[in-house]
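Nothing fancy with the numbering, it's 1 onward along the sequence.
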Amino acid sequence: MHPTLRRLTQKYPELQPCITDVAQAFEILRRSYQSGGKLLICGNGGSAADSEHIAAELMKGMISKRPLPDVERERLVSLFPEQGSYLADNLQGALPALSLSSHTSLLTAYANDVSADTAFAQQVYALGREADVLLAISTSGNSPNILNALRIARMRNIRTVGLTGASGGAMSALCDVCVRVPCEDTVDVQEMHMPIYHALCIMLEDEFFGK
């Protein structure tokens with residue numbers, strides 16, 4: 001077992017039944033990033049905030065400072081003698097991730113002009129490629145806009161990971177891996193989602209920047 005997953009179960013023993021699925025989710029994400037893919041994330045309400053949180057953890061250093069490789073530092077200094085060192089010192093390695101919940105103008109325009117329950121699906125259709133992963137977050141597992149995004153991901157041959165509650169809802173059948181935390185109430189489910197996605201982000205950072 002990965003040390004991060006071991007720490008997760010020690011701190012949150014109630015998540016032990018989820019560990020196999022979390023490990024599988026990590027493997028899907030790892031393979032995607034190795035293949036040059038990106039992560040698309042969507043959720044509603046508190047899960048929309050989680051979407052932004054996850055993107056932030058992946059797009060900059062979380063625990064590691066993720067310094068630029070020497071070859072990139074040297075190229076920056078060569079191209080920009082005055083600013084190159086500053087840029088190299090302040091940039092960090094990144095794993096590309098987009099929160100589909102953050103595109104306010106698009107979401108509101110699409111909801112007004114077309115249909116609210118296909119606004120995430122439209123973004124997956126526009127942005128998704130086969131190497132990518134869609135991480136869909138729904139405490140009930142039955143949010144229509146999340147389910148439609150998962151359907152378009154399947155049509156696009158995009159791998160899918162779900163984060164939801166104990167029942168799994170309708171999204172379970174649409175995800176390659178669905179992590180179902182052993183809770184039913186929305187607040188409890190959201191509280192259990194955070195340590196899981198933190199663990200995934202830590203493992204990815206270690207995989208790509210820890211060596």
Next on the checklist: Please report the interatomic distance OG(S167) to CG(N142), rounded to the nearest 0.5 Å.
Outcome noted: 6.5 Å
Item to check | Derivation and outcome, side-chain contact (heavy atoms from CB on, under 4.5 Å), residues R30 and M203 | outcome: CA-CA 9 Å; R30 184 185 68 81; M203 290 191 291; over 6 Å; no
Checklist entry - Do Q122 side-chain atoms and Y110 backbone N/O form a donor-acceptor pair below 3.5 Å? => result no
Checklist entry - Is there a donor-acceptor pair closer than 3.5 Å between any side-chain N or O of D132 and the backbone N or O of G37? => result no
Checklist outcome for this item: Heavy atoms of D176 and I158 approach each other most closely as OD2-O, 4.3 Å
Item to check | ILVMFWY network linking L68 to Y33, side-chain heavy atoms under 4.5 angstrom | outcome: no
Checklist entry - Should S138 and N44 be marked as a side-chain contact (heavy atoms from CB on, under 4.5 Å) after you check the CA-CA gap, both sets of side-chain angles, and the distance that decides it? => result CA-CA 7 Å; S138 171; N44 299 297; 5.9 Å; no
Item to check | S64 side chain to R66 backbone, donor-acceptor under 3.5 Å | outcome: yes
Checklist entry - In Å and rounded to the nearest 0.5 Å, what is the OG to CD1 distance from S99 to I54? => result 8.5 Å
Checklist entry - When rounded to the nearest 0.5 angstrom, what is the spacing between CZ in R7 and NE2 in H2? => result 8.0 Å
Item to check | Heavy-atom side-chain proximity of V189 to H193 below 4.5 angstrom | outcome: yes
Checklist entry - With no hydrogens and no angle check, is any side-chain donor or acceptor of Q24 less than 3.5 Å from a backbone partner on V177? => result no
Next on the checklist: Evaluate H198 against M62 for side-chain contact (heavy atoms from CB on, under 4.5 Å), listing each step before the verdict.
Outcome noted: CA-CA 9 Å; H198 269 168; M62 183 179 180; 3.6 Å; yes
Item to check | Lys/Arg N to Asp/Glu carboxylate O, R75 vs E72, below 4.0 Å | outcome: no
Next on the checklist: For the backbone of T118 and the side chain of N148, can you confirm whether one donor and one acceptor N or O come within less than 3.5 Å of each other?
Outcome noted: no
Checklist outcome for this item: Nearest heavy-atom approach of A131 to S35 is CB-O, 4.2 Å
Checklist entry - Just by modelled atom types, is the L100 backbone N or O under 3.5 Å from a matching donor or acceptor in the Q123 side chain? => result yes
Item to check | From CZ (R151) to CE (M171), nearest 0.5 Å | outcome: 11.5 Å
Checklist entry - Is any side-chain heavy atom of Y197 less than 4.5 Å from a side-chain heavy atom of M194? => result yes
Checklist entry - Closest approach of C201 and E57, non-hydrogen atoms and distance? => result SG-CB, 3.8 Å
Checklist entry - Is a side-chain N or O of N90 found less than 3.5 angstrom from the main chain of Y86, in a donor-acceptor match? => result yes
Item to check | Pair L39-L95, side-chain contact (heavy atoms from CB on, under 4.5 Å): steps then yes or no | outcome: CA-CA 8 Å; L39 179 62; L95 296 170; over 6 Å; no
Checklist entry - Do you know the tightest heavy-atom contact between S172 and R180? => result OG-CD, 3.8 Å
Next on the checklist: Are L135 and L29 connected into the same hydrophobic cluster when the rule is that any two of I, L, V, M, F, W, Y join if their side-chain heavy atoms are below 4.5 Å apart?
Outcome noted: yes
Checklist entry - Are L150 and F120 co-members of a hydrophobic cluster defined by side-chain heavy atoms under 4.5 Å apart? => result yes
Checklist entry - Any donor and acceptor pair, going by atom type alone, linking the side chain of T160 with main-chain N or O of L174 inside 3.5 Å? => result yes
Checklist entry - Would a 4.5 Å heavy-atom cut-off, applied to side chains only, mark F209 and Q92 as touching? => result no
Item to check | Polar side-chain atom of S78 near backbone of E74 as donor-acceptor pair, under 3.5 Å | outcome: no
Checklist entry - Would you say L107 and V124 are hydrophobically clustered, going by side-chain heavy atoms of ILVMFWY under 4.5 Å? => result yes
Item to check | Check: K11 side chain, P195 main-chain N or O, donor-acceptor pair, under 3.5 Å | outcome: no
Checklist entry - Heavy atoms, side chains only, cut-off 4.5 Å: are L15 and P182 in contact? => result yes
Item to check | Distance-only donor-acceptor check, side chains S102 and E52, under 3.5 Å | outcome: yes
Checklist outcome for this item: Nearest heavy-atom approach of A23 to L5 is CB-CD1, 3.9 Å
Checklist entry - For the atom pair SG (C175) and CG (L163), what is the distance rounded to the nearest 0.5 Å? => result 9.0 Å
Item to check | Point-to-point distance, once rounded to the nearest 0.5 Å, from CD1 of I152 to CG of L147 | outcome: 12.0 Å
Next on the checklist: Hydrophobic clustering (ILVMFWY, side-chain heavy atoms < 4.5 Å, transitive) - are V77 and L87 grouped together?
Outcome noted: no
Next on the checklist: I want to check something: taking the side chain as every heavy atom from C-beta on, are Q190 and T139 in contact at a cut-off of under 4.5 Å?
Outcome noted: yes
Checklist entry - Minimum heavy-atom separation for I146 to I137, with atom names? => result CD1-O, 3.8 Å
